[in-house]
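The block underneath contains the structure these notes are about, expressed in structure tokens.
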Amino acid sequence: MIAAIYGAGSDPDRWDAVIREITDTFGAAHGILVLADPDTRRWAVRTAGNGAAELPAPLDLVADHLHRLPPGTATTSDLLLGAEADGLANSFLARLSDEQPSSWICLTMPDHAAIAGHPAQLTLLRALVPHLRGALRTQSRLVELSRERAFALATLEKAHYGVLIVTADAALVFANSMAERLIHSGNGLTVDTAGRLHATPAAVHRRLRRLIEQAAAEEDGGNVALARPSGRRPLAVRVSPLDGLSGDSPWHRAALLLIVDPEHDPEPQPEALHDLYGLTEAETLVALGVLRGDGLPAVADQLSVSVFTARTHLQHIFAKTKTHRQAELVRLLLTTAVSAP
């Protein structure tokens, strides 16, 4: 039973089997295991025994009384609920978690004599509670890690550059969508049949591998330009040590690669320029034209206005963004581009 309890901590689908086994072991008429999620303040209820599909008492009433007890306390319905026990009379109960709402277990015995006549069941429940609490802590931690992983992956998917994690021998461990697209294009960086990064020509490949080995050994990384057979501008790759991994991690000898595609220059959203700097629609078009390096005459032609009008718009942009030169404006706009989809 103990092994089953801890197994449910890593696989919540096993809780049904656990409450059935505990209910059978106690000889209870029915058992209820309430698994609380403090973040959503909702419960998942697992039941077993006779009438398992019907809850004999309001959950919030029982939870309110249980929360007054120290975490890990096992008791009886007579002591906890008294006259309010109703459908949970003749039951053993225990508070299993520290948070509110709490997780708890209830085992309702067949008749009133069961509680008074079988104190061994209460002793057994008290012995099981630390294991149930340990399994729930494991489950809570796994849920937390899963949530953190989801947030981290979602953040990496927003990046305008490729993100790769590789082992010391360049075996691919992780790639965000941008990196996957660059690899699948087969234009400058690929993955060989052994699952390792490969670049061309041979000299560039050797430098890339050397930088990865250095970074994985927690030495300084470096930069390398990956030529592309298509003739497009080379990919710019920064190789860095992957900090924060413990020595017992299976990937403690790993490296982080950031890949910038100079052909994929993100632009800030027009809405962002309006929200952040109060630019009008015309000023936004001028600012984006400057960012692309089109030059004022070309921008004026695109807007069907005179160069004088385009220059006036540019002066207004300088004032609103607190910049003074086009180069300074371009740097600001590139920073703002982080908000682009």
Side-chain angles (χ1 to χ4, degrees), residues 1-49 52 55-109 114-116 118-149:
M1 184 189 303
I2 303 301
I5 289 173
Y6 284 106
S10 57
D11 182 1
D13 290 339
R14 299 184 184 181
W15 282 119
D16 288 315
V18 168
I19 188 61
R20 282 197 301 270
E21 185 173 357
I22 293 176
T23 300
D24 292 343
T25 300
F26 274 73
H30 56 257
I32 303 171
L33 179 62
V34 177
L35 305 173
D37 183 345
D39 292 333
T40 62
R41 303 192 67 79
R42 294 181 179 178
W43 289 302
V45 181
R46 310 299 175 93
T47 60
L55 298 179
L59 296 183
D60 53 355
L61 171 66
V62 181
D64 181 61
H65 282 78
L66 278 169
H67 187 68
R68 301 172 191 174
L69 300 176
T73 300
T75 186
T76 67
S77 55
D78 291 345
L79 294 174
L80 180 68
L81 303 172
E84 296 181 282
D86 195 17
L88 291 183
N90 313 319
S91 300
F92 297 107
L93 303 101
R95 179 181 174 186
L96 301 178
S97 61
D98 300 348
E99 304 84 7
Q100 187 178 15
S102 297
S103 297
W104 49 277
I105 189 171
C106 174
L107 300 162
T108 302
M109 306 308 290
I115 291 180
H118 295 82
Q121 267 90 343
L122 185 58
T123 301
L124 176 59
L125 181 58
R126 286 170 176 159
L128 289 178
V129 163
H131 302 292
L132 290 166
R133 282 170 55 78
L136 288 174
R137 283 194 294 269
T138 298
Q139 177 175 303
S140 177
R141 180 54 179 158
L142 289 175
V143 169
E144 181 182 348
L145 290 173
S146 178
R147 185 180 296 117
E148 290 176 357
R149 179 179 183 274

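Side chains are part of it too, since the values below use all heavy atoms of this structure and drop only hydrogens, waters and symmetry mates.
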The reported gap from CG in Leu93 to OG1 in Thr76 (rounded to nearest 0.5 angstrom) is 8.0 Å
Pairs of donor and acceptor atoms involving the side chains of residues 127-135, under 3.5 Å and at least two apart or interchain, shall be tabulated with distances.
unit_1	atom_1	unit_2	atom_2	d
His131	ND1	Tyr6	OH	3.0
Arg133	NH1	Leu96	O	3.1
Arg133	NH1	Asp98	OD1	3.1
Arg133	NH2	Asp98	OD1	3.2

Determine whether a donor-acceptor pair (N or O, by modelled atom type, separation under 3.5 Å) exists between the side chain of Thr23 and the backbone of His30.
no
Output for pair (Ser77 OG, Leu107 CG), nearest 0.5 Å, gives 11.0 Å
To the nearest 0.5 Å, atom CG of Leu69 lies from atom CG of Leu66 at 6.0 Å
Worksheet entry | Expected output: side-chain Arg42 to main-chain Asp37 donor-acceptor under 3.5 Å | no
**Report entry** Backbone of Arg149 reached by a side-chain donor or acceptor of Arg147 within 3.5 Å
**Finding:** no
dist Thr108:OG1 -> Phe26:CZ (nearest 0.5 Å) comes out at 12.0 Å
Taken in chain and number order and not counting sequence neighbours, the residues that satisfy side chain to side chain contact (heavy atoms under 4.5 Å, CB included) with Arg46 are Trp15, Asp16, Ile19, Leu33, Leu35
Sorted by chain and residue number, the salt bridge (Lys or Arg N to Asp or Glu O under 4.0 Å) partners of Glu21 (sequence neighbours excluded) come out as none
*May I ask you to decide if Ile32's main-chain N or O and Thr47's side chain share a donor-acceptor pair within less than 3.5 Å?*
no
- Is Arg141 salt-bridged to Glu144, going by a charged N under 4.0 Å from an acidic O? yes
OG (Ser102) and CG (Leu136) are apart, to the nearest 0.5 Å, by 10.5 Å
When rounded to the nearest 0.5 Å, the distance separating CG of Leu124 from CE of Met1 is 6.5 Å
All heavy atoms of Ser97 vs all of Pro71, minimum pair found to be O-CB, 3.9 Å
When every non-hydrogen atom of Ala63 is compared with those of Trp104, the smallest separation belongs to CB-NE1, 4.0 Å
All heavy atoms of Pro101 vs all of Ala36, minimum pair found to be O-CB, 3.3 Å
Correct closest heavy-atom pair for Gln139 and Ala8 would be OE1-O, 3.8 Å
